[in-house]
Amino acid sequence: DFVWPLLRAAFTPELRAQAVVSSWNDLLHVGDVSLDSLAQRWNDGTSPMLPVPILNATDMSGHGVMMSPFEPAAFAADDRAACKEDQRSEAAWVCDRDESHAIQDLLPGVDVPLLSAVRASANFPLAFPLIPVRSPGPIPGHAQIGDPTRTRLTDGGVRINSGVDPLYYLMLSHREAIRRRGAVLVVVDAMAASRSGAVPGEWEILATLRRSSVSNVQRLHRVMVTRLAAEFGGRFGCVRIDAEPSSLSGVPTSWYVDAQERRTVRSHFQSDRWAAQRNALRWTFDAVGSANPEPDEVLVEGCLSRPSLQ
């Protein structure tokens with residue numbers, strides 16, 4: 001039963017956080033990598049690291065906090081004002097949300113380790129301790145707090161668990177480059193739906209209790225994807241990748257990646273499901289990169305059928 005480890009973790013969160021960070025470093029060997037060092041490697045052309053991470057956390061006032069080697073200006077789409085003038089309800093849903101902060105705004109001059117940023121973005125409440133942050137000046141949106149220079153960070157999914165959120169403004173800030181080269185968004189869904197007929201487990205019951213929040217995330221995810229498709233036409237595609245659904249696939253793999261879970265993930269890449277997803281990815285990449293791409297709903301429909309929810 002995967003709920004009990006989560007409950008036990010509530011009593012030893014710091015130990016769990018340290019263990020997870022150590023495990024990541026053992027696997028990836030990035031203990032000496034920081035956001036500034038990633039930016040420097042890109043700027044001077046020496047061994048740029050791919051992919052470039054864009055990580056999300058949530059502060060105590062419900063604002064998003066983006067952590068990335070990119071400068072904050074890279075996410076400041078120049079048409080946010082025009083977007084807000086659009087009276088369609090779908091546009092308002094995307095545009096009229098509380099602003100997000102960049103970690104460089106909260107901690108100017110601080111070189112944040114990559115593993116610390118990853119942990120902040122996956123800092124699930126109860127399972128991990130909140131991460132305290134003290135800014136040299138008042139943090140926007142924290143005026144009602146006793147000390148507006150202090151906040152704490154938790155999982156980015158508390159606000160919205162869709163990686164499209166930061167990419168939405170990043171892509172709108174680079175319209176001409178995307179219209180020239182195209183872009184394919186790959187949504188990796190680590191929590192596939194349970195197999196039809198399976199008995200709901202504890203996680204499914206908990207998810208039901210927070211369904212109103214989940215439905216909002218669904219709508220926001222879909223609106224952002226469809227607006228990007230409308231903006232870039234045939235130069236934008238989106239493909240979702242997930243594992244074979246089963247009654248146990250609701251286990252969040254980022255929390256409990258043990259030997260059995262690793263075997264399950266590896267087995268996916270020998271499955272017919274992965275073969276079909278790989279073909280869809282290749283087809284989308286070729287279609288978006290063709291000489292004269294045509295707008296086609298098929299380019300994004302896979303990401304709309306079941307957006308990343310949990």
Side-chain angles (χ1 to χ4, degrees), residues 13 16-18 20-25 27-42 48-77 97-125 127-133 135 139 151-174 183 185-191 217 220-221 224 241 252-255 257 307-310:
R16 175 169 178 74
Q18 293 171 1
V20 169
V21 170
S22 297
S23 177
W24 287 336
N25 191 41
L27 290 170
L28 303 175
H29 307 292
V30 291
D32 60 343
V33 177
S34 66
L35 297 184
D36 282 358
S37 68
L38 288 177
Q40 182 62 40
R41 288 164 66 171
W42 273 98
M49 181 179 288
L50 288 171
V52 179
I54 303 174
L55 305 162
N56 280 324
T58 306
D59 69 21
M60 290 297 96
S61 290
H63 299 281
V65 178
M66 290 183 289
M67 297 166 289
S68 171
F70 288 114
E71 290 291 333
F75 299 92
R97 289 178 291 127
D98 287 346
E99 67 175 310
S100 294
H101 309 305
I103 192 66
Q104 296 95 323
D105 296 330
L106 301 184
L107 297 172
V110 176
D111 189 7
V112 178
L114 176 60
L115 286 177
S116 296
V118 172
R119 200 204 117 188
S121 74
N123 201 38
F124 190 82
F128 298 95
L130 298 174
I131 298 176
V133 170
S135 180
I139 301 171
T151 189
R152 293 188 289 177
L153 303 184
T154 188
D155 193 311
V158 171
R159 176 174 175 266
I160 172 173
N161 207 10
S162 171
V164 181
D165 188 42
L167 291 177
Y168 181 81
Y169 292 111
L170 182 65
M171 294 177 71
L172 290 182
S173 298
H174 297 79
L185 182 64
V186 181
V187 175
V188 180
D189 189 348
M191 292 193 66
V217 173
L220 180 55
H221 175 99
M224 288 189 290
I241 293 176
T253 53
S254 60
W255 300 352
V257 183
S308 182
L309 302 182
Q310 305 294 354

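In this structure Ser116 satisfies the side chain to side chain contact (heavy atoms under 4.5 Å, CB included) test together with Val112, Pro113, sequence neighbours excluded. Residues satisfying the side chain to side chain contact (heavy atoms under 4.5 Å, CB included) test with Asn56, not counting sequence neighbours, are Met66, Pro166. With sequence neighbours left out, Leu107 forms a side chain to side chain contact (heavy atoms under 4.5 Å, CB included) with Ile103, Val110, Val133. For Val118, the side chain to side chain contact (heavy atoms under 4.5 Å, CB included) partners two or more places apart in sequence, or in a different chain, are Trp24, Leu55, Leu114. Remark: Thr58 engages no residue in a side-chain hydrogen bond (donor to acceptor under 3.5 Å, both in side chains) (not counting sequence neighbours). Residues passing the side-chain hydrogen bond (donor to acceptor under 3.5 Å, both in side chains) test with Glu71: none are found, sequence neighbours excluded.
Nearest heavy-atom pair, Ala74 versus Leu170, reported as atom, atom and distance to 0.1 Å: O-CD1, 3.3 Å. Nearest heavy-atom pair across Leu115 and Gly31 is CD1-CA, 4.0 Å. The two residues Pro53 and Pro69 come nearest to each other via the heavy atoms O-CD, 3.3 Å. Contact record, Met171 with Ala183: CE-CB, 3.8 Å, taken as the closest heavy-atom pair.
Note that CG of Asp155 is 11.0 Å distant from CG of Leu130, once rounded to the nearest 0.5 Å. How far CZ of Phe70 is from CG of Leu38: 10.5 Å, rounded to the nearest 0.5 Å. Distance NE2/His63 to CD1/Ile139: 9.5 Å, rounded to 0.5 Å.
Within the structure, every pair that satisfies the side-chain hydrogen bond (donor to acceptor under 3.5 Å, both in side chains) test and touches residues 104-113, not counting sequence neighbours, is listed here: Ser34-Asp111.
Side-chain N or O atoms of Asp59 include none that pairs as donor or acceptor with a backbone N or O of Arg152 at under 3.5 Å. Between the side chain of Asn123 and the backbone N or O of Ala57 there is no donor-acceptor pair closer than 3.5 Å. With hydrogens and angles disregarded, a donor-acceptor distance shorter than 3.5 Å links the side chain of Ser135 to the backbone of Leu106.
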Arg119 and Ile131: side chain to side chain contact (heavy atoms under 4.5 Å, CB included), yes or no, with the steps? CA-CA 9 Å; Arg119 200 204 117 188; Ile131 298 176; 3.7 Å; yes
